[in-house]
Amino acid sequence: MQKINLKIEGMTCSACSNGLEKHLNKHPKINDAIVNLITGEATIYYEEELTLKELEDYIKASGFTSLGEATKFDIIKNTKKDKINLILLCLNLILVMYLTMGHMINIPTIINKETNPNLYVSILFLLTIPSLILSKDILISGYKNLRNKMPNMDSLVSIGVLASLLISIINMIRIFLNNLEVLNKLYFESVIMILFFVKLGRFLDKNSKAKTISAITELVQITPEKALLKVGDKEREVTIDEIKVEDTLIVKPGMKIAVDGIITKGITHLDETFITGESLPVKKKVGDSVIAGSLNYDGVIEYTAKKIGKNSTISEIVHLVVDATNTKARIARVVDKISSYFVPIILIIATITFLLHLLLGNSLYNALETFVTILVVACPCALGLATPLVIIVATGLSAKHGILIKSSEILESVSLIDTIIFDKTGTLTKGELEISEIITDFNEQELLKIVASIESNSTHPIRNAFLKYIKTEKIDLLKTKNFSNLEGIGITAQLNKDTYYLGNNKLFKNLNIANPYQETEKNLKIKGNSIVYVIKNNSAIAIIGIKDKIKKEAKTVISKLKQQNKQIVMLTGDNKEVANLVARELGITEVIAEVMPKDKRDVINKLKVEGNKVMMIGDGINDAPSLALADIGISFKGATNIATNSADVILLRNDLTSILDLVIISKETLKKIYQNLFLAFFYNIIMIIIATGIFSSLNITINPMIASIAMTLSSLTVVFNTLRLKKTK
């Protein structure tokens, strides 16, 4: 069996990707096919005797085009031509609106339709042609999807446009024949307006997708471009591409690990937050593994390269994210699903009615007028507005509450979530070290001023807790001298005539003095603190607890989510002791700690297989695969690019209460969508029945003009119902 990834052109919505996937899986020599709308790729598993040309021809038969094998993460961006086309469509729309509606706001018009009807209608018709040409891809897509029995939004748009165009052309001919009664029954401006807004939406959608794929490729920037290669007793700077497996590399303080490997010499501390979620630097010694992109804080180490290129941990994360986007959402888009039945039914009804009128002896014009009336009254404008209009209003409402929604499916499905998974570092906690407790007989402000002045020379992340204090209190640093690192122990420096030591409890053995804070240290560690001792000359003067504090709103949010019968899980790469400590304080009973990105992804996959609707909340690179795989992924503004772009929702405020707001907005959004769909169908069904002429004997009939008014009323009803969403509290 062979596998190939093909780049696909022409997919615009989930109906397209779903339709192509079904089409591919019907082929007897294709074992399985997964079509990814986000990346625009089709992953196909097929028998060896099937050639690439045969595959591409089969795809072409479904109305899409294969652009060949996808060998990298291609970013399909809007071209200069796309931008020019959109501008031309906009200018054309403005001109048409000026001609048709300028008189309504007392703007001088060039052509008076009452005195020059033929010229007026001719210009409108001619202006419609450029919009049709510039939007021919929509019409072609709509036709092809109808032909292949998989109607999409383009199909709905095409029918609406062609129905309006057809009746406008008929009435234009009648005007040429001096029938001025139909002068107000022209819908050319509707055609131009619909096409412009559809193209605008598609333009914005392509930008969004390009940003998502771009974020995936940006992962490689985490690793350095160059490294120090050990050659004999010397070192030589080389590029990443020059490194081979089993090469010996050197890493100095402040440098990043170039490739995955094993330490062969030295001891150091590495920042692996982007992979493990561990909030503190990890001590590494001979025999320990190192991950590309990790930042080296203090020691000088040598390590042997083990995994390079596509085999590295970073590359694995990239592929996990892409694989996760292949997972199908369980809730199909409501409009796409309905349209697959709605469009052909309307066409059948209109055609049957047209033929019946001819058989009953009515004129061709009357039969055609009835046919067009049905199409116009059934034109799915209200149906088309039912979902997207709610999404627009709900998205605006969400933004006011600091919530950025990336997909309409999210607002529809948040209320169905039953399992919520939280990362710890940066999600439930602040993600930055702070001073927790100080035990000393000295003046605390003076003590912290001294400690911060010494720590400012360090590269260890613990220093940030003290520098944050100095910045907040606007305290000037003191001048120190003779600063030095004590490997694996701490740091030392002189201030005035005194020598200060800052570090862990190994300082006491190193200085051969007693530790008066042993019991205090135990109590601080039980609370999840990292310890910094302060020794002046040969006397311990303070012990300071440093930790990543829990967000103040976290406990309330967890409690309210549990009241809604949500299953809460903490999933973190941090160590079990710290994770369990945070979980106990927040009332979380289910904790999974010390997991790598792949393990996180496996946990989510297992929950989904068991039938759970899973929401994942995280902010790090290590969370990206999980955010992409979860039914809904949530991250924060200021999180890593790959995390925010893998997520479906971005919280613009670093506040967990936004999750509660999102749940409320989702419930109201879903309610409004179904209300709108009911209202849209109520109008359509009633008016379609009348349009067929069934009640003509009772003088209950409508013409295309009345049909267009009914269609407008249907749309207005949907609009007014949707605006009620703004009142959601």
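The figures here come from the full heavy-atom set of this structure, side chains too, leaving out hydrogens, waters and symmetry mates.
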Sequence neighbours excluded, the answer for side chain to side chain donor-acceptor pair (under 3.5 Å) partners of Glu54 is Thr51

Set of side-chain contact (heavy atoms from CB on, under 4.5 Å) partners for Leu52, sequence neighbours left out: Ile4, Leu6, Glu56

Answer yes or no: is there a side-chain heavy-atom contact under 4.5 Å between Leu55 and Ile44? yes

Measure the shortest side-chain to side-chain distance between Val282 and His269 over non-hydrogen atoms and say whether it is less than 4.5 angstrom. no

Check the pair Ile30, Leu50 against side chain to side chain contact (heavy atoms under 4.5 Å, CB included), reporting the backbone distance first and the verdict last. CA-CA 8 Å; Ile30 293 178; Leu50 191 62; 4.0 Å; yes

Might you point out which heavy atoms bring Gly587 and Lys562 nearest each other, and give the distance in Å? O-NZ, 2.6 Å

Look at Lys551 together with Asp655 and state whether they make a salt bridge at an N to O cut-off of under 4.0 Å. no

Give a yes or no on whether the backbone of Val35 and the side-chain of Glu21 come within a donor-acceptor separation of less than 3.5 Å. yes

Take atom NZ of Lys566 as the centre, draw a 6.0 Å sphere, and report whether it contains more than 12 heavy atoms from other residues, nucleotides or ligands. yes

Is the number of heavy atoms from other residues, nucleotides or ligands within 6.0 Å of NZ (Lys306) greater than 12? yes

Lys555 side chain near Ile550 side chain, heavy-atom distance below 4.5 Å: no

Applying side chain to side chain donor-acceptor pair (under 3.5 Å), can you list everything that pairs with Asp661, at least two apart in sequence or on another chain? none

So Thr572 and Phe422, side chain to side chain contact (heavy atoms under 4.5 Å, CB included) or not? Walk me through it. CA-CA 8 Å; Thr572 178; Phe422 287 91; over 6 Å; no

Hey, are the side chains of Val614 and Ile421 touching, using non-hydrogen atoms and a 4.5 Å cut-off? yes

Residue pairs, two or more places apart or on separate chains, that pass salt bridge (charged side-chain N to carboxylate O under 4.0 Å, His left out) and touch residues 579-591: none

Check for a donor-acceptor pair, side chain of Asp271 on one end and backbone N or O of Ser294 on the other, with a separation under 3.5 Å. no

With a 4.5 Å cut-off on side-chain heavy atoms, are Ile59 and Leu24 touching? yes

side-chain contact (heavy atoms from CB on, under 4.5 Å) partners for Lys552, two or more places apart: none

Output the distance between atom OG (Ser666) and atom NZ (Lys671), rounded to the nearest 0.5 Å. 11.5 Å

Identify the heavy atoms of Ala258 and Ile240 that sit nearest to each other, and give their distance. CB-CD1, 3.6 Å

For the atom pair NZ (Lys424) and CE (Met570), what is the distance rounded to the nearest 0.5 Å? 7.0 Å

If you define the side chain from C-beta out and look only at heavy atoms, does anything of Val259 sit under 4.5 Å from Lys307? no

Between the main-chain N or O of Tyr45 and the side-chain N or O of Asp32, is there a donor-acceptor pair closer than 3.5 Å? no

Where do Ser635 and Leu627 come nearest, in terms of heavy atoms and distance? CB-CD1, 4.3 Å

Return the orientation label for the Tyr58 and His23 ring planes: parallel under 30°, perpendicular over 60°, tilted otherwise. parallel

Less than 4.5 Å apart, any side-chain heavy atom of Asn721 and any of Lys672? yes

Reported CE-to-CG distance for the pair Met615 and Asp631, which is rounded to 0.5 angstrom: 9.5 Å

Would you please name every residue forming a salt bridge (charged side-chain N to carboxylate O under 4.0 Å, His left out) with Lys53, sequence neighbours left out? Asp57

Taking only residues two or more places apart in sequence or in another chain, which ones pass salt bridge (charged side-chain N to carboxylate O under 4.0 Å, His left out) with Asp418? none

With sequence neighbours left out, the residues meeting salt bridge (charged side-chain N to carboxylate O under 4.0 Å, His left out) with Asp602 are Lys598

In terms of heavy-atom contacts, Ala593 and Ala579 come closest through CB-CB, 3.9 Å

Please list, chain by chain and in numerical order, all residues satisfying salt bridge (charged side-chain N to carboxylate O under 4.0 Å, His left out) with Lys430, sequence neighbours excluded. Glu434

Let me confirm one number: the OG1-CD1 distance from Thr427 to Ile617, rounded to the nearest 0.5 Å. 7.5 Å

Say whether, by atom type as modelled, one donor and one acceptor occur between the side chain of Glu553 and the main chain of Leu656 under 3.5 angstrom. yes

To the nearest 0.5 Å, how far apart are OG in Ser626 and CE in Met616? 5.0 Å

For Ile592, what residues pass the side-chain contact (heavy atoms from CB on, under 4.5 Å) criterion, not counting sequence neighbours? Val569, Leu571, Val595, Val603

Between Lys560 (side chain only) and Thr657 (backbone N and O only), is there a donor and an acceptor less than 3.5 Å apart? no

Hey, is the main chain of Thr429 close enough, under 3.5 Å, to the side chain of Asp548 for a donor-acceptor pair? no

Is the side chain of Lys284 donor-acceptor paired with the backbone N or O of Val290 at a distance under 3.5 Å, no angle test? no

Checking Lys283 against Asp288 for the salt bridge (charged side-chain N to carboxylate O under 4.0 Å, His left out) test, could you report, in this order, the C-alpha distance in whole Å, the side-chain angles of both residues, the deciding distance, and whether it holds? CA-CA 9 Å; Lys283 183 178 180 180; Asp288 289 341; over 6 Å; no

Out of curiosity, Leu561 CG to Leu660 CG, how far, rounded to the nearest 0.5 Å? 5.0 Å

Heavy-atom donor-acceptor pair, Asn580 side chain to Lys576 backbone, under 3.5 Å: yes

Side-chain donor or acceptor of Thr669 paired with backbone N/O of Ile665 under 3.5 Å: yes

Does Ile632 offer a backbone N or O that forms a donor-acceptor pair with the side chain of Lys613 under 3.5 Å? no

Does Lys525 have any side-chain contact (heavy atoms from CB on, under 4.5 Å) partners at least two apart in sequence or in another chain, and if so, which? Glu521, Ile531

Close side-chain approach of Leu67 to Ile8, heavy-atom, < 4.5 Å: no

Test of understanding: with ring pair (Phe, Tyr, Trp, His ring centres under 6.0 Å), list the residues that count as partners of Tyr46, not counting sequence neighbours. none

